[in-house]
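In what follows, a structure is listed as structure tokens, so that the remarks can point back to it.
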Amino acid sequence: MSETYDIAVIGAGMAGASIAAELAPHARVVVCEAEDFPGYHTTGRSAAFREECYGGPDIVPLTLASGDYLKDGGFLTPRGGLYVAREGQEAEVDAFLERFAGSGVTIHRLDRAQLEERLPGVSGEWTQALGQPNCADIDVAGLHQHYLSRAKAGGVELRTRHRLQSAVREGNEWVLGFGAAGELRAGTLVNAAGAWADPLAELCGAKSLGIQPLRRTVAQLRVDPAPAADLPLTLDISGDFYFRPDNGRIWLSPHDETPSEPCDAAPEEYDVALAIDRFEHVVDWKIEAVERKWAGLRSFSPDRRPVYGYDPLVDGFFWFAGQGGYGIQTAPAAARFGAQLLLRHPRDEMTRELDEELYSPRRFSA
């Protein structure tokens with residue numbers, strides 16, 4: 001006889017762990033993870049920063065609503081951020097500021113002298129910047145463990161090595177098959193499968209939404225001079241790179257977005273070389289070694305907004321996916337919001353300003 005739960009969450013990365021923790025006080029919940037341990041894929045490979053503009057204006061409400069939870073929990077370390085621009089890119093800087101006007105983000109113009117003060121060794125072609133004082137590092141592992149611990153304390157069961165192989169709706173519950181790992185039943189299934197969100201939906205008889213995994217590459221560099229510990233996160237206004245310090249090293253990305261099948265992502269040498277080439281045009285520091293490199297998959301819906309809500313056609317199927325590269329910094333508000341939508345509970349102070357229709361899967365069925 002298979003065990004029965006109110007809710008089965010598929011995926012134990014940040015998305016699955018956080019919504020399970022929010023659901024725990026209200027239902028009997030199981031989290032099913034295909035890998036040997038939670039957070040193996042995207043969550044464990046995050047570049048680990050909170051940047052208020054990341055993801056665009058439609059993501060800002062989730063980011064700002066999550067800020068106090070992350071700060072109060074001790075998951076943020078202040079860093080500051082810079083968007084850098086070359087001479088002749090004044091129109092791009094103006095457009096960026098206009099795009100976020102009235103959104104609530106804190107951002108201001110910096111001239112060349114202010115840029116040099118914050119980014120020593122910056123090349124002469126970079127003449128202007130935007131400063132973001134509220135940018136911070138995120139303790140991703142700590143936040144993920146926090147949600148896993150909250151979930152466990154609330155009675156949530158975590159089952160690893162549980163890769164979903166079949167899903168059949170019988171009456172008011174799902175019958176979920178995990179091959180040799182067995183079978184269980186649940187009234188509601190939460191799709192928190194990240195890069196596997198669309199294949200999971202199809203397995204459950206739902207329509208895929210076009211959630212596309214995109215590969216993102218990061219390389220760890222040893223440079224001379226070694227970066228100051230308080231060096232800001234530095235991003236290109238055109239989206240061609242970002243870098244930040246980490247324990248005396250530089251974490252550098254070419255900001256790549258290469259379409260990929262759901263997989264255990266690995267870095268490509270071309271992307272690492274591209275990142276280094278772009279970095280060498282920003283600062284005059286000497287690259288002494290590429291010490292480490294990795295890649296992860298960031299999954300986006302067609303309009304690049306996350307998907308939270310019940311599927312409009314398949315009973316008991318709840319979407320909690322498509323969170324792109326901002327799923328860590330938006331996790332507190334997203335999980336609270338998702339749990340309220342699933343349980344049909346009223347909003348609270350954290351989620352009151354969030355627009356359900358902006359993130360609903362119904363927007364793809366019109």
Side-chain angles (χ1 to χ4, degrees), residues 46-60 63 79-101 103 105-135 212 214-219 221 223 227 231-245 250-260 267-268 270-285 287 293 295-298 300 302-305 324-326 329:
S46 167
F49 58 76
R50 175 185 185 269
E51 192 267 287
E52 289 184 336
C53 297
Y54 202 36
D58 289 339
I59 309 304
V60 169
T63 297
R79 172 158 304 285
L82 289 174
Y83 276 93
V84 296
R86 295 178 173 89
E87 184 176 4
Q89 288 190 295
E90 290 78 9
E92 285 187 56
V93 173
D94 291 342
F96 191 97
L97 287 170
E98 177 62 28
R99 186 180 180 211
F100 289 95
S103 67
V105 304
T106 303
I107 192 167
H108 52 264
R109 287 182 184 270
L110 302 173
D111 59 22
R112 169 69 191 188
Q114 293 169 311
L115 172 57
E116 288 178 350
E117 181 182 353
R118 289 163 173 77
L119 186 62
V122 63
S123 301
E125 63 189 280
W126 303 90
T127 59
Q128 55 192 317
L130 297 173
Q132 220 185 84
N134 294 333
C135 183
Q212 173 65 58
L214 303 176
R215 190 177 69 242
R216 171 62 51 85
T217 305
V218 180
L221 310 180
V223 299
L231 188 81
L233 169 71
T234 302
L235 310 98
D236 176 29
I237 196 75
S238 300
D240 282 343
F241 61 81
Y242 60 78
F243 58 87
R244 72 167 183 85
I250 285 290
W251 281 12
L252 167 69
S253 174
H255 212 269
D256 48 329
E257 292 190 343
T258 305
S260 170
E268 298 284 344
Y270 171 81
D271 295 320
V272 175
L274 182 64
I276 290 172
D277 179 69
R278 291 172 178 175
F279 181 75
E280 290 177 331
H281 285 84
V282 182
V283 290
D284 62 5
W285 310 339
I287 298 175
K293 52 196 172 183
L297 298 179
R298 304 151 71 254
F300 291 90
D303 60 12
R304 298 181 74 90
R305 299 199 300 266
Y326 34 81
Q329 69 179 41

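Throughout, residue positions are numbered sequentially from 1 according to the sequence presented. As a basis for the values below, the full set of heavy atoms in this structure was taken, side chains included, without hydrogen atoms, waters or symmetry mates.
- Looking at heavy atoms from C-beta onward, L119 lies in side-chain contact with T234 at the 4.5 angstrom threshold.
- Between the side chain of E116 and the main chain of A113, no donor-acceptor pair closer than 3.5 Å is present.
- At least one side-chain heavy atom of L97 sits under 4.5 Å from a side-chain heavy atom of L130.
- Taking CG of D58 as the start and CG of D303 as the end, the distance is 8.0 Å to the nearest 0.5 Å.
- The CD atom of Q89 sits 6.5 Å away from the CG atom of D236 when rounded to the nearest 0.5 Å.
- In this structure, Q132 contributes its side chain and N134 its backbone to no donor-acceptor pair below 3.5 Å.
- Annotation: cation-pi pair R99/F96 absent, no NZ/CZ under 6.0 Å from the ring centroid and within 45° of its normal.
- L252 contributes atom CG, which lies 7.5 Å from atom CZ of F243 (distance to the nearest 0.5 angstrom).
- Between the S238 side chain and the D240 main chain, no donor and acceptor come within less than 3.5 Å of each other.
- Side-chain atoms of V93 and R109, non-hydrogen and from C-beta on, do get closer than 4.5 Å to each other.
- With R216 contributing its side chain and D256 its backbone, the two residues share a donor-acceptor pair below 3.5 Å.
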Does the side-chain contact (heavy atoms from CB on, under 4.5 Å) test come out yes or no for L214 and L297, once each step is laid out?
CA-CA 5 Å; L214 303 176; L297 298 179; over 6 Å; no

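- Checking each of I287, V283, V223 against I250 for a side chain to side chain contact (heavy atoms under 4.5 Å, CB included) leaves exactly one that passes, namely V223.
- Under a 3.5 Å cut-off, the side chain of Q128 and the backbone N or O of E87 do not form any donor-acceptor pair.
- Here the OH-OH distance, from Y242 to Y54, works out to 4.5 Å after rounding to the nearest 0.5 Å.
- A distance of 9.5 Å separates CG of L110 from CD of E117, quoted to the nearest 0.5 Å.
- Residues L233 and C135 come closest through the heavy atom pair CD2-SG, 3.6 Å.
- Between the side chain of W126 and the backbone N or O of R112, no donor-acceptor pair lies under 3.5 Å.
- E280 places a side-chain heavy atom less than 4.5 Å from the side chain of I276.
- Not a single donor-acceptor pair under 3.5 Å links the side chain of R244 to the backbone N or O of L231.
- Around atom NE2 of H108, more than 12 heavy atoms belonging to other residues, nucleotides or ligands sit under 6.0 Å away.
- Put simply, the side chain of R118 never gets that close to the backbone of L82: no donor and acceptor are under 3.5 Å apart.
- Among all heavy-atom pairs drawn from P245 and R79, the shortest one is CG-NH1, 3.1 Å.
- When all heavy atoms of P254 and A275 are compared, the pair lying nearest together is CD-CB, 3.6 Å.
- Closest heavy-atom contact between R304 and I59: O-CD1, 4.2 Å.
- No side-chain donor-acceptor contact under 3.5 Å links E52 and T63.
- With hydrogens and angles ignored, the 3.5 Å screen pairs no side-chain donor or acceptor of E125 with any backbone N or O of S123.
- Listed for the D271 side chain is no donor-acceptor partner under 3.5 Å among the backbone atoms of T217.
- Across R298 and G325, no two heavy atoms sit closer than the pair NE-CA, 3.6 Å.
- Atom-to-atom distance recorded for F241:CZ and L274:CG is 11.5 Å, nearest 0.5 angstrom.
- Taking the six-membered ring for Trp, W285 and F279 have ring centres closer than 6.0 Å.
- Within the 4.5 Å cutoff, side-chain heavy atoms of C53 are placed close to those of I107.
- A side-chain N or O of E51 and one of Y83 form a donor-acceptor pair less than 3.5 Å apart.
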